[in-house]
Protein chains: 2
Amino acid sequence: MKTKMTIEDIASKAGVGIATVSRVLNNRGYVSEKTRAKIEEVIKNYDYVPSATARNFAKKESNMVAVIVPEAHNPYFAAAVEGISEILEQQELLLILCNSDKDSAKEEKILYTLKQQELKGIIVTPAIDDLDKGGLKEYKEIVESLYIPVVFMDSGLNFYEWDVVYFDNIANSYNAIKAAIEDGSREIGIITGDLQTKTARDRYKGYVQALEENGIDINEKYVYHGDFTVKTAYNITRKMLSKGKYPEIVFTSNNLTTIGFIKAVYDAKLKLGRDIHCISFDKLDTFEELKYSYIERNPLQMGRLAATMLMERIKEPELPARKYYMKSKIIVNINR
Amino acid sequence: MKTKMTIEDIASKAGVGIATVSRVLNNRGYVSEKTRAKIEEVIKNYDYVPSATARNFAKKESNMVAVIVPEAHNPYFAAAVEGISEILEQQELLLILCNSDKDSAKEEKILYTLKQQELKGIIVTPAIDDLDKGGLKEYKEIVESLYIPVVFMDSGLNFYEWDVVYFDNIANSYNAIKAAIEDGSREIGIITGDLQTKTARDRYKGYVQALEENGIDINEKYVYHGDFTVKTAYNITRKMLSKGKYPEIVFTSNNLTTIGFIKAVYDAKLKLGRDIHCISFDKLDTFEELKYSYIERNPLQMGRLAATMLMERIKEPELPARKYYMKSKIIVNINR
DNA sequence: ATGAAAGCGCTAACAG
DNA sequence: CTGTTAGCGCTTTCAT
């Protein structure tokens, strides 16, 4: 058989009606053992595969879930996507991966495209995590006009009745700094991200809170304003070290900042873990022997959880919205 | 309007036939400015979105391309996927991501599922790169029974009439070792991967070739049999260093091996780039200040290329098969 | 237990 | 320029 077989071909070859073939295909309803065997044989012989497109169309639903992330290659999101993929695979669902590239306009366009696909659901990490300003209302409308289950992942969008799973930036920073304080540190600096962004602000907030609650005044000199890039962190750190006076510990508030920081310490011929310490927001998975402290998140687990929540919501659309805050480990590694 | 609108609803609201609506939707064929405007207005008013499922079904083709990788979270593949995603997005194509988890059986199952989807094409990195042994014929049949364009990415499967894009392991190793020799090194060791795998074997081959062509005998003592894991590389290196007698340079034949090696050097209180050197297959993107040499591949570019090749083949299915070998940079960083 | 038939929403001739 | 109509391949009543 050259041309693609259809269910009708199979039915006629097997001498039965198409409904019967459909039944064995879906393993649903009554079919006598004899006819089932016959049909299965024909299917095997002719190498027939049902068309998912036709099936989806007839049922007005697909076997697909979309995932929108702001940076597909970022190891953090790559791991999350893998976690999602794991769960979807168990459910025989296909995963459509979309990269918004941190661009809200792109994200909106993606959402529009996805709206046409009769998806089972969507897992999204919004391009902008700072929608509480103005755009939130509009965003809410777009999301709701999808009319399909949506789970928000790694997002501060904990408003409205949406399912959310994420790591709490404030709490994680707070806990890490608190752990350092309990470990005996007093002079703790920070290299922040761009404080225009919610992520950077929240991490800074946690830092401030932990110090204040422990009766430590914020030393403005020890608050270094970075932008979550290696380069800036490097420059800041070089300058900091060259001044001679610097904090005992620096809270590097994202992984790239940590890398720039460590590189600068190294280049200044100082020894990390002896001359100066570091608490990193996120572990650097490459070099475990480095002497530093960190907040360890588990994005793979976050992905699994997001997908699981989506599955639950698909099954029970009327479930109340759930907010799930992922726990992180705080690893303190300072010796004096 | 509560229930989902169809093209018919729009047609009747606009007082036209459905074919006309279809025309404006697809921006194809003649439609008077006046009716077009009218229809567009209705579409906007009722927030109508055409069903991609129905459309795909009617056209017997979809707007999707699938990508199968053996490890979704591996930064190397994550970057490749991002490259693919970039190209597909330009073509308004959706990307279905599948993770075979290095498991051939899983890959086969994925292929079967994908066969049902009327995809535009598939980009695949086979789970096993060593099919020239026995399974190749069977694999070939499976792939060909897909009846859709397939591009192989990062695979040694350069047999048959298939489109392939990949980095040549033999050539890259060869070039790196050759560069080191030209730089003045004679004592070059290697930590291999599992030589049962084609990747490990090819990297070893390139190493051997470069030495032989330059009249350097292979010193079996300097060939360390690893398995591409950090742990094994670490242990091997510790043992190597403790013996006192070790090569001047070690070719660490994958990135995890490099990490294990560097860690061990560090723990042995030796200095990388002074006491011992390292040529790494793949750059470690975290710490640029490390003193080592490496082969730098560009998986993002590989992904872009794979997707571009696929687009070309979709457009012209009769194109002769193309083999594209990606170039890599060799960075030598040894000072004596 | 099985078959006939009516869609699902859209595209693509074809006729006007 | 526009409307009518015949599918696309499958699911799902509804009879039998």
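For clarity, every value in this text was computed on a predicted model and none was experimentally measured. Per chain, numbering begins at 1; letters A, B, ... match sequence-line order.
Contacts of T53(B) with the nucleic acid, taken as non-hydrogen atoms under 4.0 Å apart, are absent. Nucleic acid contact for S32(A): sugar-phosphate only, since backbone atoms but no base atoms lie under 4.0 Å from a heavy atom of the residue. Residue V16(A) is classed as a sugar-phosphate contact, given heavy-atom separations below 4.0 Å to backbone atoms only. If you check every strand for non-hydrogen atoms under 4.0 Å, N56(B) touches nothing. Here R36(B) lies out of heavy-atom contact (under 4.0 Å) with every strand. Using a 4.0 Å heavy-atom criterion, one finds that L25(B) contacts no nucleic acid atom at all.
Remark: T20(B) is not in phosphate contact with dC1(D), judged by side-chain N or O atoms under 4.0 Å from OP1 or OP2. In terms of phosphate contacts, S22(B) brings no side-chain nitrogen or oxygen within less than 4.0 Å of OP1 or OP2 of dA12(C). Remark: R28(B) is not in phosphate contact with dT11(C), judged by side-chain N or O atoms under 4.0 Å from OP1 or OP2. Contact between the side-chain N/O atoms of S51(B) and the OP1/OP2 oxygens of dC10(C) is not found at any separation under 4.0 Å.
The aromatic ring of F57(A) does not sit over the base of dC8(D); the criterion of centres under 5.5 Å apart with planes under 30° is not met.
In this entry the distance linking CD of E61(B) with C1' of dG9(D) reads 16 Å, nearest Å. Distance E8(A) CD to dC10(D) C1': 10 Å, rounded to the nearest Å. Regarding R55(A), its CZ atom lies at a distance of 19 Å from the P atom of dC8(D), rounded to whole Å. Atom pair Q117(A):CD and dG9(C):P shows a separation of 16 Å (rounding to whole Å applied). The distance from atom CD1 of I7(A) to atom C1' of dA5(C) is 14 Å, rounded to the nearest whole Å. Rounded to a whole Å, the NZ atom of K38(A) is 14 Å from the P atom of dT2(C). One can place CD of Q116(B) at 10 Å from P of dC10(D), the figure rounded to the nearest angstrom. The separation between N26(B) atom CG and dA13(C) atom C1' is 15 Å, rounded to whole Å.
With axes fitted over five pairs at each extremity, the angle between the ends of the helix from dA1(C)-dT16(D) to dG16(C)-dC1(D) is 40° (10° resolution).
Closest to the side chain of Y30(B), out of dT2(D), dT2(C), dG9(C), is dT2(D). In this structure, the nucleotide among dT11(D), dT2(C), dT2(D) sitting nearest to the side chain of R23(A) is dT2(C). The nucleotide whose nearest atom lies closest to any side-chain atom of Y48(B) is, among dT12(D), dC10(C), dT2(D), dC10(C). Considering only side-chain atoms of A19(A), the nucleotide from dA4(C), dC10(C), dA12(C) that sits closest is dA4(C). Listed nucleotides dG9(D), dT12(D), dC10(C) differ in distance to T6(B); the shortest reach to its side chain belongs to dC10(C).
The neighbour count for Q91(B) CD, taken as heavy atoms of other residues, nucleotides or ligands under 6.0 Å away, is above 12.
Between the side chain of S62(B) and the backbone N or O of E118(B), at least one donor-acceptor pair lies under 3.5 Å. Judged by distance alone, with hydrogens and angles left aside, the side-chain atoms of Q116(A) form no donor-acceptor pair with the main-chain N or O of A52(B) at under 3.5 Å.
With salt bridges taken as basic N to acidic carboxylate O contacts below 4.0 Å, one links E312(B) and R322(B). The pair E144(B)-K140(B) meets the salt-bridge criterion, since a charged nitrogen lies less than 4.0 angstrom from a carboxylate oxygen. A salt bridge links K109(B) with E92(A): the closest approach of a Lys/Arg side-chain nitrogen to an acidic carboxylate oxygen falls below 4.0 angstrom.
Each of K60(B) and G17(B) lies near DNA chain D, and the nucleotide nearest G17(B) is the one positioned closer to the 5' end. Nearer to the 5' terminus of DNA chain D, by closest-nucleotide assignment, is the contact made by I18(B) (compared with the other of E118(B) and I18(B)).
You'll find the side chain of L119(A) stays beyond 4.5 Å of the side chain of V65(A), heavy atoms only.
Side-chain N/O atoms of Y324(A) and D163(A) include no donor and acceptor closer than 3.5 Å.
Between Y325(A) and Y166(A), the ring centre distance stays below 6.0 Å.
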